[in-house]
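Taking it in order: structure first as structure tokens, then the write-up.
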Amino acid sequence: MEELSELLLQRRRKVDALWEAGINPYPNDFKPQHTSADIVATYGSVEQLDTADVSITVAGRILARRSFGKAAFIQLQDRKGRIQLYVKKDQIGEEAFAAFDTFDIGDIVGAEGFPFRTKTGELSLHVRIIRLLVKSLHPLPEKFHGLTDVETRYRQRYVDLIVNPEAREIFVKRSRIVNLIRSFMTERDFLEVETPMMHQIPGGATARPFITHHNTLDMELYLRVAPELYLKRLVVGGLERVFEINRNFRNEGISVRHNPEFTMMEFYQAYATYEDLMDFTEELFCHIAQEILGTLDFTNQGIDISFGRPWKRLTVRDAILEYGDIEAKQLDDRDLALSYARSIGLSLPDEIGYGKLVMEIFDEVVEHKLIAPTFITAYPTEVSPLSRKNDHDPEIVDRFELIIGGREIANAFSELNDPVDQKERFLAQVAEKDKGDEEAQYMDEDYVRALEYGLPPTAGEGIGIDRLVMLLTDSPSIRDVILFPQLRKEVK
RNA sequence: GGGCACAUAGCUUAGCUGGUAGAGCAGCCGACUCUUAAUCGGCAGGUCGACGGUUCGAUCCCGUCUGUGCCCA
């Protein structure tokens, strides 16, 4: 038997007392017909309320209570917001008022009454009937500061959502953003699909997978790191425009930008190029910002960001030359570039490939400096095993990443649809894996076979939903936009 | 994986060069029929994250561990 604090014991005694009095502390027979927002919508603009014959029913959690002996104000919170209730002894009756007196902050109640304005003009509900619907056994956090301890906010998100309206708003916005994306895609004739989360061969991204096991089939399975290879199989199958909004899992570190499971929207459009997708992305992002923020100009963590079009486009090479302290002939020479990389503090093996080296330099000297939306293009073929080679320069691919606020938000490319080339690229990845690169990709024979049937010329893109939500809700950490972020085991 | 910081009542927190803790809110009792961080009087609530060490004595100093945050890889 766990030891309970005085506070918790008091609440439990109240529940016991209710049972003993023949009252169920957890009834389920109350149907609220209105929300707090309904009351405001209907009566909020009416100055003189003559509504004593109106009947409103609401339900919600008691967040605050101000008692005066024979009357009290309580603040009720439901899914739409908050509304003040006025409870008066000579209105609800002696017995009901005695019961009401035992209600605690945190309890869930149902009430019936009529709207009115208090002396100070606040629209409130004048209660005729009030009932306990759920007895809460825990005291809520302090009313003024709320819950600020980040660990508790993440571990007990339900408490965070009860007492911190800002937290709730973030997740309401997140839902709206996802809905906007979904309808934007659907209106452009994209088909929403669901592809496997459990892969026999993890593919579609350079990342370490989570491994799991299927008992009946006695087979190792991997949680997907990306849906890419399955979505492109669908394009082979003739579903020329598809998208999926779902979770990816990557067995990597946790940071303010990384959660082991995170949400991506991936989409593929036949007969499009990566350049088409840059325009498409600008349109999508501007649409979302306009709907969510009402503007294309906003601030994120105190820094001004504008979605004003057109967005800057820059090759990886030009970006390094612009933001790094390095000359072109230095960057273009592998050995000189390697010594430059080491001079800025990167520790890299001697045998590192030139493409990887360039991206290491890019990540170090450029990425965090790109605040305004910027499309970075012309990625090394070596680090892009699923992208189409550039027609004029086989060392680079037709790919871009979108960087906003110093963070990668999207990744897109014209798809590699030459099965012979794809097989060679897979083999190069396998060689890297054999050399010990745990992030290198696996050979996927069936995917090559699908390409052999013919993948239409296609472009595809992945957009990080969590990071997009961070951007539009001004959240400093990915944990603020994921309802239940991953944490270590809780200590008792 | 490395570095730095933090962990005190349900919540938000104070606590000086080491002498075993103080507040606000919440709670309980009492007063109060228009408050909104309601007000007024009283009361209670703490193995100071865990385990070791130093010391006559540790919330405080040292070590290890756990959790969290930030930075780096």
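Scope of the values below: all heavy atoms of this structure, side chains included, with no hydrogens, waters or symmetry mates.
Remark: Lys70(A) fails to qualify as a cation-pi partner of Phe97(A) under the 6.0 Å distance and 45° angle criteria applied to the six-membered ring. Cation-pi geometry between Arg399(A) and Tyr379(A) is satisfied (NZ or CZ under 6.0 Å from the ring centre, within 45° of the ring normal).
Nearest nucleotide to the side chain of Arg66(A), out of rU35(B), rU68(B), rU33(B): rU35(B). Side-chain atoms of Asp104(A) lie closest to rG27(B) of the nucleotides rG27(B), rU33(B), rU35(B).
Using C1' as the reference atom, rG3(B) and rU13(B) are 28 Å apart when rounded to the nearest Å. Taking the P atom of each, rG57(B) and rC65(B) are spaced 26 Å apart, rounded to whole Å. Atom name P, nucleotides rG52(B) and rA37(B): the rounded distance is 48 Å, in whole Å. Comparing the C1' positions of rA44(B) and rC29(B) gives an interatomic distance of 10 Å, to the nearest angstrom. Using atom P as the reference point in both rG22(B) and rU59(B), the two lie 14 Å apart (nearest Å). Straight-line distance between the C1' atoms of rU17(B) and rC61(B): roughly 12 Å, to the nearest whole Å. With both ends at atom P, the span from rG19(B) to rG10(B) equals 25 Å, rounded to whole Å. Annotation: rG46(B) and rA9(B) have their C1' atoms spaced 5 Å apart (nearest Å).
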Checklist entry - Given the rule in the salt bridge (Lys or Arg N to Asp or Glu O under 4.0 Å) test, do Arg131(A) and Asp29(A) qualify, once you have shown the distances and angles that lead to the verdict? => result CA-CA 11 Å; Arg131(A) 288 181 51 198; Asp29(A) 60 350; 2.8 Å; yes
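In this structure, Arg407(A) has no side-chain hydrogen bond (donor to acceptor under 3.5 Å, both in side chains) partners at least two apart in sequence or on a different chain. Residues meeting the side-chain hydrogen bond (donor to acceptor under 3.5 Å, both in side chains) test with Thr281(A), sequence neighbours left out: Glu461(A). The ring pair (Phe, Tyr, Trp, His ring centres under 6.0 Å) check on His199(A) picks up Tyr230(A), with sequence neighbours excluded. Phe249(A) is linked by a ring pair (Phe, Tyr, Trp, His ring centres under 6.0 Å) to nothing, counting only residues two or more places apart in sequence or in another chain.
Between Arg157(A) and Asp160(A) there is a salt bridge, since a side-chain N of the basic residue sits under 4.0 Å from a carboxylate O of the acidic one. Comment: Arg208(A) does not engage Glu252(A) in a salt bridge, judged by the lack of any side-chain N to carboxylate O separation of less than 4.0 angstrom. A salt bridge between Lys312(A) and Glu322(A) is present, with a side-chain N of the basic residue lying under 4.0 Å from a carboxylate O of the acidic one. Between Lys135(A) and Asp104(A) a salt bridge is recorded (basic side-chain N to carboxylate O distance below 4.0 Å).
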Protein-nucleotides 2-8 of chain B N/O pairs closer than 3.5 Å?
none

Look for any protein N or O under 3.5 Å of an N or O in nucleotides 10-12 of chain B and output each such pair with its distance, or none.
{"residue": "rC11(B)", "atom": "O2'", "partner": "Glu142(A)", "partner atom": "N", "Å": "3.1"}
{"residue": "rC11(B)", "atom": "O2'", "partner": "Gly146(A)", "partner atom": "O", "Å": "3.1"}
{"residue": "rU12(B)", "atom": "OP1", "partner": "Thr148(A)", "partner atom": "N", "Å": "3.1"}
{"residue": "rU12(B)", "atom": "OP1", "partner": "Thr148(A)", "partner atom": "OG1", "Å": "3.3"}
{"residue": "rU12(B)", "atom": "OP1", "partner": "Asp149(A)", "partner atom": "N", "Å": "2.9"}

Considering only nitrogen or oxygen atoms on both sides, find all protein atoms under 3.5 Å from nucleotides 71-73 of chain B and state each distance.
none

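Within the structure, salt bridge (charged side-chain N to carboxylate O under 4.0 Å, His left out) contacts touching residues 344-373 of chain A (residues at least two apart or in different chains) are Arg342(A)-Asp350(A), Lys356(A)-Glu432(A), Lys356(A)-Asp437(A). Annotation: ring pair (Phe, Tyr, Trp, His ring centres under 6.0 Å) contacts involving residues 18-49 of chain A, sequence neighbours excluded, are absent. The ring pair (Phe, Tyr, Trp, His ring centres under 6.0 Å) pairs that include a residue from residues 124-148 of chain A are Tyr86(A)-His126(A), Phe114(A)-His126(A), Phe116(A)-His126(A), where partners are two or more places apart or lie in different chains.
In terms of position along RNA chain B, the nucleotide closest to Lys119(A) lies nearer the 5' end than the nucleotide closest to the other residue of the pair Ala64(A) and Lys119(A).
Residues from residues 72-94 of chain A lying near RNA chain B, meaning a heavy-atom separation below 4.0 Å, are Phe73(A), Gln84(A), Tyr86(A), Lys88(A), Asp90(A) in numerical order.
We find that CZ of Phe103(A) is positioned 19 Å from C1' of rA26(B), with the value rounded to whole Å. Following rounding to the nearest Å, Tyr154(A) (OH) and rC70(B) (C1') show an atom-to-atom distance of 12 Å. The nearest whole Å value for the distance from the NZ atom in Lys489(A) to the C1' atom in rA50(B) is 17 Å. In this structure, CG of Leu9(A) is placed 18 Å from P of rA44(B), rounded to the nearest angstrom. For the pair Lys70(A) NZ and rG30(B) C1', the interatomic distance rounds to 13 Å; values are reported in whole Å. If you measure from atom CZ of Phe116(A) to atom P of rU35(B), you get 11 Å, rounded to the nearest angstrom. Rounded to an integer number of Å, the gap from CG of Leu487(A) to P of rU66(B) is 16 Å. A straight line from CD of Glu6(A) to C1' of rA26(B) spans 14 Å, rounded to a whole angstrom.
Distances shorter than 4.0 Å separate some side-chain N or O of Arg155(A) from OP1 or OP2 on rU68(B). Note on Arg488(A): every side-chain N or O is 4.0 Å or more away from OP1 and OP2 of rU66(B). Taking 4.0 angstrom as the limit, Lys143(A) places a side-chain polar atom (N or O) nearer than this to OP1 or OP2 of rA26(B).
Consecutive pairing runs in RNA chain B reach the stem threshold at B:1-7 with B:66-72, B:10-13 with B:22-25, B:27-31 with B:39-43, B:49-53 with B:61-65, where a stem means at least three Watson-Crick or G-U wobble pairs with distances under 3.5 Å.
Side chain of Gln301(A) to backbone of Asp474(A): a donor-acceptor contact under 3.5 angstrom is found.
Taking the six-membered ring wherever Trp is involved, the centroid distance between the rings of Tyr154(A) and Phe484(A) does not fall below 6.0 Å.
Among the heavy atoms of the strands, none lies under 4.0 Å from Phe97(A).
Between Arg61(A) and Asp107(A) the shortest side-chain heavy-atom distance does not fall below 4.5 Å. Side-chain contact check for Leu137(A) versus Arg12(A): some heavy-atom pair is nearer than 4.5 Å.
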